[in-house]
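Below is one structure; the comments refer to it alone.
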Protein chains: 2
Amino acid sequence: MTVTSRVPLADLAALLADGTRARFCLALLDGRAWTAGELARHAGVAASTASEHLSLLVRGGILAEERQGRHRYVRLAGPRVAQLIEDLAAHADLAVPAPPPPTLRAASSAKAMAAARTCYDHLAGRLGVAVTDALTARGLLRQDTGFALSDDGLAWFTADLGVRLAPRGRRPMAKACLDWTERRHHLAGVAGAVLCATLLERGWVTRIGTGRALRVTPVGAHALEDLLGIGGEAAAGS
Amino acid sequence: MTVTSRVPLADLAALLADGTRARFCLALLDGRAWTAGELARHAGVAASTASEHLSLLVRGGILAEERQGRHRYVRLAGPRVAQLIEDLAAHADLAVPAPPPPTLRAASSAKAMAAARTCYDHLAGRLGVAVTDALTARGLLRQDTGFALSDDGLAWFTADLGVRLAPRGRRPMAKACLDWTERRHHLAGVAGAVLCATLLERGWVTRIGTGRALRVTPVGAHALEDLLGIGGEAAAGS
DNA sequence: GGGATCGTGCGGCGCCCGCCGAAACATTCG
DNA sequence: CGAATGTTTCGGCGGGCGCCGCACGATCCC
C-alpha cells in the first residue's frame, strides 16, 4: 500500500541503473547520434528491447531523438546530461579498478582511447590532460583557485588559436571534467568544446574508426607544439 | 544466460535508483551523521529494511559508517559523492517542477530552506546565491570564464574574513554547485566549506531545528553587510 | 510493385529485489 | 543479572521489469 511519493532522484537514477541503458549512454558519450539498431547491436539486445529502452531515456530527458525516414537517431540531450553521466561513470570506475581487457583488439582500442579521445564534445585522455596542463603552465587557465580561463587565456583563443569564444546560453565557459583514464581534470565547457571542434575542423586530430578515439595528425603535432609547446608522447599519433 | 559483463555505471546508479535509498542520501546531504534508526523512521521503513539498504550503500562507497556502541552512525562518504548526489538531484528536479507542498508545516519548512540552508558543507538557498553574487560583484570570484577565486578573493578570505584558506587534498578550492531552488550556481569547494563553517562558528548563522535550514542572526546580518554589502531580504532572519 | 531493412507494440516468461516480521545478537542502563 | 533499546540475519512473499519472439507498419532500394 505504501504509496510512498515518488523521489525524482531515484527515478532519474533508475534510468541509468540498467546495464543496457547504461551501455547506450556510455556509447553516446562520443557526442554523436546513433540509430536505434546500432545501439541494439552494440549492447547485444533485440531491437524491440532497445526500442523500449530508448523511449524511456527520451521520456526521461536523458536523450534527444530525431527521426529521419526509417531511422531513429538518438543523442544525449545536452552537455549537462553528458557531464552528469561522465561524472557518474568516473565515480563508478574509481571504485572498480579496470580489469585487464580480455582481447587483443580491446587492448589496442583501450590504448588508443587512453592516448586521446573525445569526452562528449571536448578532448580527453593523455592529450586532453596535456592540453589542460599546457594551458595552465602558461597562465592561460587557472586551476589553483578553481577552474577558469585567465584574461590571457581569453586572448589566446582569439589571437593565437584564431577563434571566437562567445558565451553560449548558461553553459560555463570553462569547467573541470574528471578524466577517467588519467584520474585528473581536463578542460570542458564552452572553451573545451570550441577547442576540440577547432582541432577536428583543421585536421589537427582525426577520429580513429567510428569510435571516440582520436589520433593527432603530423600537421596537428606541429601546431600543438607551436601553440602550446606540447610535444613528444602526448602529441604522438597513436 | 546472457552473462553481460557488469557495467559499473549501472551498478552505481542502481544504488540510488531506489526510493528509500534515495531518501537516505538526500537526508544525509545535510552533511551530518545519522543513525540507522533515524533514517529508517525518516523514510518510513522497518529497521531491518534500512539496515540492508545501509549495508549496500556503504559497500558501494556512497556512505561511510562509524559504529559507536549500539549505534551505527552513517554519513556521506565525502564531498565528491555529495556533489554527485546534489548534481543528480538538481537534474532530476529540473524535469519535475516541484509540486506545491501539501501541508502548512511543509510549506513553512520549504520557505525556510529556500531562504538559507546548507548543501552538504556549504551555503545554499537565497543566502548562498547572494554571497556568491556579492563575491563576484566585488571581483573576488570569477564566473565569466569559469569558476575560480581571484587573487583579491584569496586575500579577502585571509584579511577580511580572517581565516586560512589552505588546499585540502585534491578537492578544488572553488567549485560551482547548482542551487535547486534558485536554479543558479553558488560557491562550493574548499572555499565554500570554509566560509560556511566560519559563519556557523561565529554564530552569524544558526541551524533551524535539526534540518538543513539556516537563519541569519542579527550579528550575522551586520557582519555580512559589512564584509560583502549583503543586506535586506537575503540576510533577513527567516 | 516486391523485397529487404528498420523500428514498434504486445504477450509471456523468469528473475531480481524491496518489503516485512520474527528471532537473535549487541549494548546500555537500572 | 534482567529489561529496554538499537541493529542484524533470515525466510518468504509479491510486484516490477528486462528480456525475447512475433507480427505489423513504415521506409528505402531496385
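Quick note on labels: first sequence line is chain A, next is B, and so on, each numbered from 1. In this text, all values refer to a predicted model and were calculated from it rather than measured experimentally.
For the pair A/Arg59 CZ and C/dT8 P, the computed distance is 13 Å after rounding to whole Å. Remark: C1' of D/dG18 and CG of A/Leu16 are 16 Å apart, rounded to the nearest angstrom. Note: NE2 (B/His53) to C1' (C/dG18) measures 6 Å, nearest angstrom. Going from atom CG of A/Leu54 over to atom P of D/dC19 covers 12 Å, rounded to whole Å. A/Arg41 has its CZ atom 14 Å from the P atom of D/dC20, to the nearest Å. Spacing between atom CZ of B/Arg70 and atom P of C/dA26 amounts to 15 Å, rounded to whole angstrom units. Rounded to an integer number of Å, the gap from A/Gln68 CD to D/dC28 P is 10 Å. The distance from atom CZ of B/Arg67 to atom P of D/dT7 is 9 Å, rounded to the nearest whole Å.
Within 4.0 Å (heavy atoms only), A/Ser55 reaches no atom of the nucleic acid at all. Using a 4.0 Å heavy-atom criterion, one finds that B/Thr35 contacts the sugar-phosphate atoms exclusively. Here A/Ala47 lies in heavy-atom contact (under 4.0 Å) with a base.
By the 4.0 Å N-to-carboxylate-O rule, B/Arg75 lies too far from B/Asp30 to be salt-bridged with it. We find that A/Asp121 and A/Arg171 are joined by a salt bridge, their nearest charged nitrogen and carboxylate oxygen being less than 4.0 Å apart.
Ranked by how close their nearest DNA chain D nucleotide is to the 5' end, A/Asp18 and B/Ala50 are led by B/Ala50. Of the residues near DNA chain D, A/Arg21 and B/Ser48, the one whose nearest nucleotide (by heavy atom distance) lies more toward the 5' end is B/Ser48.
With hydrogens and angles ignored, no donor-acceptor pair closer than 3.5 Å exists between the side chain of A/Ser51 and the base of C/dG9.
Of the candidate nucleotides C/dC19, D/dC19, C/dC20, D/dC19 has the atom lying nearest to any side-chain atom of A/Thr20.
Side-chain atoms of A/Thr181 and A/Arg117 form a donor-acceptor pair, as typed in the model, at a separation below 3.5 Å.
Each of A/Leu57, A/Val58, A/Ile62 was checked for a side chain to side chain contact (heavy atoms under 4.5 Å, CB included) with A/Val74, and the lone residue meeting it is A/Val58. Residue B/Val205 forms a side chain to side chain contact (heavy atoms under 4.5 Å, CB included) with just one option from B/Thr217, B/Leu127, B/Thr118, and that option is B/Leu127.
At the phosphate of C/dT8, OP1 or OP2 sits under 4.0 Å from a side-chain N or O atom of A/Arg72. For B/His71 and C/dT27, the shortest distance from a side-chain N or O to OP1 or OP2 is not below 4.0 Å.
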